[in-house]
Amino acid sequence: MSLKKNVSTSMDELVGLCKRRGFIFPSSEIYGGYNGFYDYGPLGCELKRNIKDAWWRDMVHRRDDMVGLDSSIIMHPSIWKASGHVEGFSDPMVDCKESKLRYRADQLFFAPVSVAGSVIGYVTVLEAPDQQELAEAAADSLKRKQGVQGKLDPLVLRDYTEAQPKEYALIPSPATGKPGSLTPPRDFNLMFETHVGALRDASAVAYLRPETAQGIFANYKNIVDTGRVKVPFGIAQIGKAFRNEITPRNFIFRSREFEQMEIEYFISPDADWRQLHQEWIKTRLDWFVSIGLPRESLHQDVHQDEKLAHYAKACTDITFRFPHGQQELEGIAVRGDFDLMQHQQHSGKSMEYFDEASKKKYVPHVIEPSLGVDRTLLALLTAAYCKDEVDGEERTVLKFHPRIAPFKAAVFPLVKNKEPIVERARALYQRLQRRWNVFYDASGAIGRRYRRQDEIGTPFGITIDFDTLEKDGSVTLRDRDTTEQTRMSEDELFSFLEEKIDS
RNA sequence: GCGGGUAUAGUUUAGAGGUAAAACCCCUGCCUUCCAAGCAGGUGUCGUCGGUUCGAUUCCGUCUACCCGCACCA
């Protein structure tokens, strides 16, 4: 058997396999599909559930400092005002009609150029550390081109969102340098709106949550008051989130409805957050490896200070080599006390915590490891997808870790026209089924049945043959990745599977 | 949102202005003592809406979805 590395898994192949085998379907496909939404089929929902279960077990059940939460998707609209999503979770965009380029209005700066109080034109610069100098140079060149004498008045840069309607026609496009080709800024809030109650007026507006994290902050006080938790501790939540993305793309990587697994880990303001941050990064990297992502496919993207959001002290993304490029899987941010302070201010409720150990009162800071379930699933599919050759025949294999494989094992009677073999196989299948999600298949040649399971990532095939009945009761266990076979007793089989799947 | 491309069975493809095909897959039966075997049978298709036409899956337009590039991704 020769192995080919899956160096260039193409997204097309993956999408095709997902659909063909029932992992993922386009949403509403019978009506032509619906951009940005996907459905998880029989195998996909098992895979997804296994990912979430593994995360919950490892991050919540197997730790002493974590508790869980399941908050509502629609929450009081004030939550999103406090969090900044109503104001800030939007990107006003500007298009240049001539060059077809698009800019974020808040990253595009302009200023009227005036000499001795009279405006001779406008200049535009893109956001940059030296934008003031660039603008002044542009203004200078404008003055010379127009042959105007005199000293330039000081330039006052404003971003494009502050432009007056009458100025739109005067501001030059950064691409062409000519005025008049920029559109007015178009506002785009990424939150889905809905209405709560019978009235559909402005007072009834509510939002589908764009992240699960705010549900955690909103319940922080409840959990501190009732949960017998002590800082440092974390609250974990898994749930759907919704963002009205401008351009969903790359299959389930960026969709409008997706599922998050988020932790808010509350720490003392005096704690060594740099070290705790590093510990979380390691914890999360190890976890990805434990569910089957190769360590060498994972990288860290450390955000530079100037790239950080205003509420973050540090942020490191864990990225993965997806078919469409090296992209973010999980963000691990140090958010300080921004969110709790915002909610304290907007709700008027104290978010202070009394620390018994230090006898101090404070609002805790947080470290936020936040990842997408769907992205994790896509990463696992990408990593698992392989094409092998077995005896000259190409086969497609999903080399899932047994922990997350949709089916843990498949049971086959070697032939189906010998009733005792079939009976014995069904009996074993039913025994296994009490414990794991397993599959039974009696149709077709045994080799075909193995290949079918290879393609959906079932790690083990168990075959009942004549020796099982006539000799020692042993069964054949066939390994998906090596295709090697081992005979073992049913008792040995159970302890083998237990070790491989549940450890 | 802009530009380009694509859309025929579950998959990969063929096809012609006049009853739409093949291979593989899938299902059933027979056979089969470990890697997609064989035999017999079977299900299933022109993305949407509109126009031209006696007749459109084919020509034209619309919409939708997908792919590539640009832009975007607190």
Side-chain angles (χ1 to χ4, degrees), chain A residues 1 10-13 15-17 19-22 25-38 80 83-107 175 183 186 188-191 210-211 213 243-251 253-256 307-312 315 323-324 327-328 331 333 388-396 412-418 421 442-455 461-470 475-480 482-485 487:
Chain A
M1 191 179 84
S10 87
M11 193 71 100
D12 280 348
E13 277 180 273
V15 173
L17 175 66
K19 175 148 186 229
R20 195 167 64 245
R21 292 299 179 183
F25 307 117
S27 169
S28 318
E29 202 183 7
I30 57 170
Y31 292 102
Y34 205 33
N35 189 301
F37 299 92
Y38 287 92
W80 307 110
S83 71
H85 286 83
V86 172
E87 279 300 307
F89 201 60
S90 62
D91 296 313
M93 309 298 291
V94 188
D95 288 309
C96 169
K97 286 180 279 196
E98 202 156 318
S99 67
K100 305 296 179 197
L101 292 175
R102 162 174 288 187
Y103 306 93
R104 268 178 50 183
D106 58 340
Q107 292 176 354
T183 62
R186 286 179 277 203
F188 194 87
N189 194 294
L190 273 72
M191 283 197 293
E211 61 172 36
R243 293 182 193 178
N244 197 3
E245 296 286 354
I246 306 167
T247 314
R249 216 174 267 192
N250 297 318
F251 198 32
F253 183 82
R254 175 172 295 113
S255 50
R256 289 183 168 130
K307 198 182 140 191
L308 288 173
H310 61 282
Y311 47 73
C315 184
H324 61 285
Q327 296 273 322
E328 179 188 343
D388 274 3
E389 223 174 272
V390 177
D391 300 331
E393 295 270 0
E394 190 179 71
R395 66 164 186 164
T396 301
F412 313 118
L414 182 58
V415 293
K416 73 165 169 182
N417 62 348
K418 299 285 186 292
I421 286 191
S443 75
I446 188 74
R448 175 184 295 278
R449 285 180 268 163
Y450 286 148
R451 298 297 169 80
R452 277 199 285 242
Q453 295 305 312
D454 289 342
E455 203 174 16
I462 300 155
T463 304
I464 305 299
D465 62 10
F466 290 86
D467 283 0
T468 313
L469 298 179
E470 292 161 9
V475 301
T476 305
L477 180 110
R478 182 259 193 188
D479 182 274
R480 173 197 64 202
T482 62
T483 75
E484 275 165 16
Q485 304 186 24
R487 288 204 77 92

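Atoms considered below: every heavy atom in the structure, side chains included; atoms not considered: hydrogens, waters and symmetry mates. Fair warning: this is a prediction, and the values are worked out from it, not measured in the lab. A note on names: the letters A, B, ... follow the listed sequences, proteins ahead of strands, and every chain is numbered from 1.
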Considering only [options], which nucleotide approaches the side chain of [X] most closely?
X      : options                : answer
A:T247 : B:rU33, B:rC35, B:rA71 : B:rA71
A:Y38  : B:rC66, B:rC70, B:rC34 : B:rC66
A:R20  : B:rC72, B:rC35, B:rU11 : B:rU11
A:V415 : B:rG69, B:rU33, B:rA71 : B:rU33
A:S443 : B:rC34, B:rC27, B:rC31 : B:rC27
A:A445 : B:rA37, B:rC34, B:rU32 : B:rA37
A:K416 : B:rC70, B:rC31, B:rA36 : B:rC31
A:R487 : B:rC70, B:rC34, B:rA36 : B:rC34
A:D12  : B:rC67, B:rC31, B:rA36 : B:rC67

Whole angstroms only, please: what is the [atom1]-[atom2] distance between [X] and [N]?
X      : N      : atom1 : atom2 : result
A:R249 : B:rG1  : CZ    : P     : 12 Å
A:D465 : B:rU33 : CG    : P     : 12 Å
A:R451 : B:rC26 : CZ    : P     : 13 Å
A:E455 : B:rC35 : CD    : C1'   : 15 Å
A:Y31  : B:rA7  : OH    : C1'   : 21 Å
A:Y450 : B:rC35 : OH    : P     : 8 Å
A:E29  : B:rC66 : CD    : C1'   : 11 Å
A:Q327 : B:rC72 : CD    : C1'   : 12 Å

So which nucleotide does [N] pair with, by the Watson-Crick or G-U wobble rule with both distances under 3.5 Å?
N      : value
B:rG1  : B:rC70
B:rC39 : B:rG29
B:rA56 : none
B:rU6  : B:rA65
B:rU45 : none

Base, sugar-phosphate alone, or nothing: which one does [X] contact when heavy atoms must sit under 4.0 Å apart?
X      : value
A:Q453 : nothing
A:N35  : sugar-phosphate
A:D467 : nothing

Item to check | A:K19 or A:G32, whichever maps to the more 5' nucleotide of RNA chain B | outcome: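 Of the two residues, A:K19 wins.
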Item to check | Comparing A:F251 and A:R21 on RNA chain B - which has the more 5′ nearest nucleotide | outcome: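 It is A:R21 whose nearest nucleotide is closer to the 5' end.
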Item to check | Minimum side-chain heavy-atom gap A:P413-A:R449 below 4.5 Å | outcome: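 Answer yes - side chains close enough.
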Considering only atom [atom1], compute the distance from [N] to [M] and round it to an integer number of Å.
N      : M      : atom1 : value
B:rC46 : B:rU19 : P     : 16 Å
B:rC59 : B:rC26 : C1'   : 36 Å
B:rC24 : B:rG38 : P     : 8 Å
B:rA20 : B:rU58 : P     : 14 Å
B:rU48 : B:rA9  : P     : 11 Å
B:rA14 : B:rU8  : C1'   : 9 Å
B:rG4  : B:rA71 : C1'   : 15 Å
B:rG18 : B:rU57 : C1'   : 13 Å

Checklist entry - Could one point to a donor on the side chain of A:R395 or the base of B:rC35 with an acceptor on the other under 3.5 Å away? => result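 In this structure, the two groups form no donor-acceptor pair.
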Checklist entry - Is there aromatic stacking of A:F466 against B:rU33, centre distance under 5.5 Å, plane angle under 30°? => result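 The base of B:rU33 is stacked with A:F466 (centres under 5.5 Å, planes under 30°).
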At their closest point, which heavy atom of [X] faces which heavy atom of [Y], and how far apart are they?
X      : Y      : result
A:T463 : A:T468 : O-OG1, 4.5 Å
A:R451 : A:E394 : NH1-O, 4.4 Å
A:W80  : A:E211 : CH2-O, 3.6 Å

Next on the checklist: Is it true that A:T483 and A:Y450 share a donor-acceptor pair across their side chains at a distance under 3.5 Å?
Outcome noted: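 No, A:T483 and A:Y450 have no side-chain donor paired with an acceptor closer than 3.5 Å.
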For [N], does OP1 or OP2 lie under 4.0 Å from any side-chain N or O of [X]?
X      : N      : result
A:R452 : B:rC26 : yes
A:N417 : B:rC30 : no
A:R448 : B:rC34 : no
A:Y34  : B:rU48 : no

Item to check | Interatomic distance, A:E389 atom CD to A:R395 atom CZ [nearest 0.5 angstrom] | outcome: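 Going from the CD atom of A:E389 to the CZ atom of A:R395 covers 11.0 Å.
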Item to check | Note: A:D388-A:R480 ion pair, threshold 4.0 Å (strictly below) | outcome: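 No.
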Next on the checklist: Looking at A:R20 and A:E455, is any side-chain nitrogen of the basic one under 4.0 Å from a carboxylate oxygen of the acidic one?
Outcome noted: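 A:R20 and A:E455: salt-bridged.
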Next on the checklist: Name the residue from A:F37, A:Y34, A:Y38 that meets the side-chain contact (heavy atoms from CB on, under 4.5 Å) definition with A:R256.
Outcome noted: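 Running side-chain contact (heavy atoms from CB on, under 4.5 Å) over A:F37, A:Y34, A:Y38 with A:R256 returns exactly one hit, A:F37.
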